S.K.: 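Starting off with a structure, shown below.
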Amino acid sequence: MARISFSLYGETPFQQLLGHNPTIIEAWRRLGEELEKDGLLSSQLKEQVRRMLAQNNGCEYCKAKGKPEPHLFDEKTSLAVGFAEVFVKQQGQIEDSLFSVLKNEFSDAEISELCAFICFTTASQYFGAMMNLQPNEKMKEDKNEAKQQINPHDY
């Protein structure tokens, strides 16, 4: 069970936990949408990176969305997923030699996008873990039910 109540604001359980602060959730949502879509890197590559991070960042809700699918990997996806795995295991302390390997396949702009995606996704998954968000969490869909549970100090 999540550690705080779900707000009325947001389309997913994750968003409803952040939705207690509408300005924050809107900025978070916009950045997430920008990073998740096809950019210099494909959304498919990013999804495989997200799946790998989810298995390691402690968010059960995030893990439930699936494990990496190696049979879908091309060379770039393999490198990106491996880089993200090193990021998790080394807690961000990545050797220059790994960036040299990335530069054989990725441009500086692609590396920047990959690193931004990894950092944002990790922050999102840490938030889910901190809030103890579970895969079976139910959102507040009935505004009357939700109004009964709203704490006036949440505003």
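Predicted model only: the values in this text are computed from it and were never measured.
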S.K.: Any idea which heavy atoms bring Pro13 and Phe6 closest together, and the distance?
M.R.: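 Here Pro13 and Phe6 meet closest at O-CE2, 3.4 Å.
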S.K.: Mind checking what makes side-chain hydrogen bond (donor to acceptor under 3.5 Å, both in side chains) contact with Lys37, not counting sequence neighbours?
M.R.: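 Checked Lys37 against side-chain hydrogen bond (donor to acceptor under 3.5 Å, both in side chains); matches are Glu34.
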S.K.: Could you pull out the closest heavy-atom pair between Ser5 and His20, with the gap in Å?
M.R.: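 For Ser5 and His20, the tightest heavy-atom pair comes out as O-NE2, 2.6 Å.
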S.K.: Quick one: pull up CG in Leu41 and OG in Ser112 and give me the separation to the nearest 0.5 Å.
M.R.: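 So the gap between those two atoms works out to 9.5 Å.
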S.K.: Do the side chain of Ser7 and the main chain of Gln16 share a donor and acceptor less than 3.5 angstrom apart?
M.R.: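 Side chain of Ser7 to backbone of Gln16, a donor-acceptor pair under 3.5 Å: yes, one is there.
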S.K.: Using only atom types and a distance under 3.5 Å, with no angle test, would you say the side chain of Lys67 pairs donor to acceptor with the backbone of Gln55?
M.R.: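 No, the answer is negative, given that no donor and acceptor are paired below the 3.5 Å cut-off.
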S.K.: Rounded at 0.5 Å granularity, tell me how far CG in Leu53 sits from OG1 in Thr121.
M.R.: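 The OG1 atom of Thr121 is 6.0 Å from CG of Leu53, to the nearest 0.5 Å.
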S.K.: With sequence neighbours excluded, give me every salt bridge (Lys or Arg N to Asp or Glu O under 4.0 Å) pair touching residues 72-84.
M.R.: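 For residues 72-84: Lys76-Glu110.
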S.K.: Restricting to pairs with a member in residues 108-127, which pass ring-ring contact (aromatic ring centres under 6.0 Å, His included), not counting sequence neighbours?
M.R.: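 Listed by first then second residue: Phe14-Phe127, Trp28-Phe120.
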S.K.: Would you mind listing every side-chain hydrogen bond (donor to acceptor under 3.5 Å, both in side chains) that reaches into residues 88-99, with sequence neighbours excluded?
M.R.: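 The answer is Glu85-Lys89.
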S.K.: I'd like to check the side chain to side chain contact (heavy atoms under 4.5 Å, CB included) partners of Glu69; sequence neighbours left out, ordered by chain and number.
M.R.: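 With neighbours one apart ignored, the set is Gln48, Arg51, His71, Leu72.
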S.K.: Within the side chain of Thr122, is there an N or O that forms a donor-acceptor pair under 3.5 Å with the backbone of Ile118?
M.R.: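 It does hold such a pair.
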S.K.: Check side-chain hydrogen bond (donor to acceptor under 3.5 Å, both in side chains) between Asn56 and all other residues, then give those that pass, not counting sequence neighbours.
M.R.: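 Here no residue qualifies.
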S.K.: Go through the steps for Lys103 and Asp108 under the test side chain to side chain contact (heavy atoms under 4.5 Å, CB included), then give the verdict.
M.R.: CA-CA 7 Å; Lys103 287 182 177 189; Asp108 286 352; 3.6 Å; yes
S.K.: Who passes ring-ring contact (aromatic ring centres under 6.0 Å, His included) against Phe99, sequence neighbours left out?
M.R.: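 Testing Phe99 for ring-ring contact (aromatic ring centres under 6.0 Å, His included), a comparison that skips the adjacent residues, returns Phe83.
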S.K.: So how far is it from Leu35 CG to Glu113 CD, rounded to the nearest 0.5 Å?
M.R.: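 Rounded to the nearest 0.5 Å, the CG-CD separation comes out at 7.0 Å.
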S.K.: Sequence neighbours excluded, which residues qualify as side chain to side chain contact (heavy atoms under 4.5 Å, CB included) partners of Arg30?
M.R.: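 Arg30: side chain to side chain contact (heavy atoms under 4.5 Å, CB included) contacts with Glu26, Ala27.
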S.K.: Go through the steps to decide whether Leu114 and Phe87 satisfy the test side chain to side chain contact (heavy atoms under 4.5 Å, CB included), and finish with yes or no.
M.R.: CA-CA 11 Å; Leu114 176 62; Phe87 169 83; over 6 Å; no
S.K.: Please name all residues satisfying side chain to side chain contact (heavy atoms under 4.5 Å, CB included) with Gln44, sequence neighbours left out, ordered by chain then number.
M.R.: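 Checked Gln44 against side chain to side chain contact (heavy atoms under 4.5 Å, CB included); matches are Asp38, Ser42.
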S.K.: May I ask whether Leu40 and Leu45 are part of the same hydrophobic cluster, defined by side-chain heavy atoms of I, L, V, M, F, W, Y residues being less than 4.5 angstrom apart, directly or through others?
M.R.: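 Different hydrophobic clusters.
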S.K.: Can you give me the closest heavy-atom contact between Ala129 and Gly58, atom names plus distance?
M.R.: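 Where Ala129 meets Gly58 most closely, the heavy atoms are CB-O, 3.3 Å.
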S.K.: Between Phe73 and Pro68, which heavy-atom pair has the shortest distance, and what is it?
M.R.: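 It is CZ-CB, 4.1 Å.
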S.K.: I'd like to check the side chain to side chain contact (heavy atoms under 4.5 Å, CB included) partners of Ala54; sequence neighbours left out, ordered by chain and number.
M.R.: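 In terms of side chain to side chain contact (heavy atoms under 4.5 Å, CB included), with neighbours along the sequence ignored, Ala54 is linked to Arg50, Cys62, Gln125.
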S.K.: Could you state whether Ile4 and Leu18 fall into the same hydrophobic cluster, counting links through intermediate Ile, Leu, Val, Met, Phe, Trp or Tyr residues with side-chain heavy atoms under 4.5 angstrom apart?
M.R.: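 Ile4 clusters together with Leu18.
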